[in-house]
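Note that this is a predicted model, so its numbers are computed, not measured. Numbers here simply count residues along the sequence, with the first being 1. In what follows, every heavy atom counts, from backbone to side chain, and hydrogens, waters and symmetry copies are set aside.
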Amino acid sequence: MSGDDSHASAASTTDDPGTAAHDHLGFSRWWLIVAAAGSMGVVSPYQYVWSSIEGPLARDLGIALPALGLVFTLFVIFQAGSQFPVGWWRDRHGPRNLTAIAAVLAGGGYIGITYATTVWHLYVLYSLGAIGVGIVYTVAVNTALKWFPDRRGLTTGVGTMAFAGGAALFVPFVRANAAVDAYSRVLRLMGVLIFVVVLLTAVLLRDPPPNWFRDSKESNEAPADQASAANFQYTWRETARTWQFWLMYAMFVAVSGAGLMVTAKVISFAQAMSLTENTATLSATMLPVAAGIGRLVMGDLSDRFDRRYIMAVSFALCGIGVGSLVFAAQAGSTVLFVGSVVLATFFWSPQYTLFPSLVGEYYGEAHSSSNYALLYSGKMWGGIFGGAVAGWLVTVTSWTFTFGIGAVLAIGAGVSALALQRPTKHPVRPAGSAVNPGEKQD
């Protein structure tokens, strides 16, 4: 299929994006969000359930737990690193074939893990699964950006909430079977579920045709120079030439590093500080719940208020939450520890809603997949810090010092958000070289 029929229709004449979308789809555009959210929910265990299955896997393979530390880092690298080529392809050819491939990779990865006999099997299988997760993620987020120019924050919040909150359904189930032979069967069942749901999503999803809708209200209300920039559809190369992109990139790395450190280390941190097993389980369960709700709430608020201010408040509070984890652990308080996990995660996780929304707002939706994927690659560096680097820092310094660095990174990103502003000038293209939405470009 060529372009998933995404360029078959002419531009809509209505100023209402919901009506325009219904004209092209034949059904409500919200069904696309439901499908995208479903696929995000079922692949979420790759990130959020890892801390619950690494112990049983280490015991099964007869290796020390630190030997598996690289698995989570590889997941982040391949999940984030795959998104730029995926986004580049999706902007040109649509989401269907890519999503079908993701069903095989993500579903097959979990099924294959149960048959692993050496640690390198885990490295390979989890990395392949991570590519599948990366495909699902960029397809889902950019389905929202492409079909909902009027509700970017809310709709990206729904999809990314499912990625975080969906894991809350899996964590208690997996941990209940983590100490017995049944956990292998549980992982196989999860792999089959991932395959089926993502494959069904591939059947439904499609992209809008070029120029299907133009947000005339935003253009008419903005100053002339800003309206021109707002309507300009930046390619990834043009996006990368703006200083706003590189400031956002640094912020993305910083907040990712802090949040992924909490995600990857919350159980081992609780155990190292001699907190109860129930505290560790409750923290691991509440983490994706807080992440999901935070994405939806802050994403919706960012549609109502200036996204920069929402970012500043969110990331600063994330930093406070990360810092308070140490004090909670030292006090031995379950309530304070779990509360700190919720605070840190609730305000860290919205970065995956706020950043794509801001990218669509600043650089247009035509090339949003490749533009946001370029920014999302910063998660690789955040993952390296949150996984391998944080583990090394804990070994050579302390939990207090390591989490203190994470707190500073998040607060610094919040302060930096106040300097962001919409690009007011767009690149000058030579005559005959204009790139319009839907056209192929390098």
Worksheet item: Heavy-atom distance under 4.5 Å between the side chains of T242 and Y234, does that happen here?
Response: yes

Discussion item. Can you confirm if the aromatic rings of Y363 and W236 lie within a centre distance of less than 6.0 Å?
Written reply: no

Item to complete: Return yes if some donor-acceptor pair links the side-chain N/O of T138 with the main-chain N/O of G134 below 3.5 Å, else return no.
Response: no

Worksheet item: Which residues pass the side-chain contact (heavy atoms from CB on, under 4.5 Å) test with V408, sequence neighbours left out?
Response: none

Worksheet entry | Short side-chain donor-acceptor distance under 3.5 Å, Y249 and S377 | yes

Worksheet, complete the sentence: For V322 and A344 the tightest heavy-atom approach is N-CB, 3.7 Å

Worksheet item: For R206, does its backbone N or O pair with a side-chain atom of W147 as donor and acceptor, under 3.5 Å?
Response: yes

Fill in: salt bridge (charged side-chain N to carboxylate O under 4.0 Å, His left out) between R295 and D300, intermediate numbers included
CA-CA 8 Å; R295 296 179 192 203; D300 185 49; over 6 Å; no

Worksheet item: Are the side chain of S314 and the backbone N or O of F347 linked by a donor-acceptor pair below 3.5 Å?
Response: yes

Item to complete: Please tell me if the side chains of V136 and M40 come closer than 4.5 Å, counting only heavy atoms from C-beta onward.
Response: yes

Discussion item. Are Y46 and Y110 an aromatic pair, judged by ring center distance below 6.0 Å?
Written reply: yes

Discussion item. I want to check something: taking the side chain as every heavy atom from C-beta on, are F403 and V262 in contact at a cut-off of under 4.5 Å?
Written reply: yes

Worksheet entry | Under 3.5 Å: donor-acceptor pair, side chain of Q351, backbone of S256 | yes

Fill in: Distance-minimising heavy-atom pair for G406 and A258
O-CB, 3.3 Å

Practice prompt. Answer whether the closest heavy-atom distance between the side chains of L260 and K379 falls below 4.5 Å.
Written response: yes

Fill in: Heavy-atom pair with the smallest gap, counting every atom of L343 and G321
CD2-CA, 3.6 Å

Response to the item:
Value for CE (M298) from OG1 (T353), rounded to nearest 0.5 Å, stands at 10.0 Å

Fill in: Taking every non-hydrogen atom, the tightest pair across L32 and L205
O-CD2, 3.8 Å

Discussion item. Determine whether a donor-acceptor pair (N or O, by modelled atom type, separation under 3.5 Å) exists between the side chain of S302 and the backbone of G299.
Written reply: yes

Worksheet item: When you check the side-chain N and O atoms of T99 and R90, is any donor under 3.5 Å from an acceptor?
Response: no

Worksheet item: Got a donor-acceptor contact below 3.5 angstrom from the T201 side chain to the A35 backbone?
Response: yes

Practice prompt. Would you check if T279 and S283 make a side-chain contact, meaning some heavy-atom pair closer than 4.5 Å?
Written response: yes

Worksheet entry | Geometric cation-pi criterion, R92 with W88: 6.0 Å, 45° | yes

Worksheet item: Are any of the side-chain heavy atoms of M248 and Y362 separated by less than 4.5 Å?
Response: yes

Worksheet, complete the sentence: Distance col, row I77:CD1 vs I131:CD1, nearest 0.5 angstrom, shows 12.0 Å

Worksheet entry | Residues Y376 and Q79: side-chain donor-acceptor under 3.5 angstrom | yes

Worksheet item: Parallel, tilted or perpendicular: which fits the ring planes of Y352 and W348, with parallel below 30° and perpendicular above 60°?
Response: perpendicular

Fill in: Minimum heavy-atom distance between S39 and A36, given as atom pair plus value
OG-O, 2.8 Å

Practice prompt. Flag the pair I384 / V76 as yes when at least one side-chain heavy-atom distance between them is below 4.5 Å, and no otherwise.
Written response: no

Worksheet item: What is the distance from atom CG of L354 to atom CZ of F252, rounded to the nearest 0.5 Å?
Response: 10.5 Å

Worksheet item: With distance as the sole test, does E238 use its side chain to make a donor-acceptor pair with the main-chain N or O of T235 at under 3.5 Å?
Response: yes

Item to complete: Sorted by first residue and then second, give each ring-ring contact (aromatic ring centres under 6.0 Å, His included) pair with at least one member in residues 305-332; sequence neighbours left out.
Response: F315-F355

Worksheet, complete the sentence: Minimal heavy-atom distance between G107 and I194, with the atoms involved, is N-CG2, 3.5 Å

Discussion item. Is the shortest side-chain heavy-atom distance between F337 and L325 below 4.5 Å?
Written reply: yes

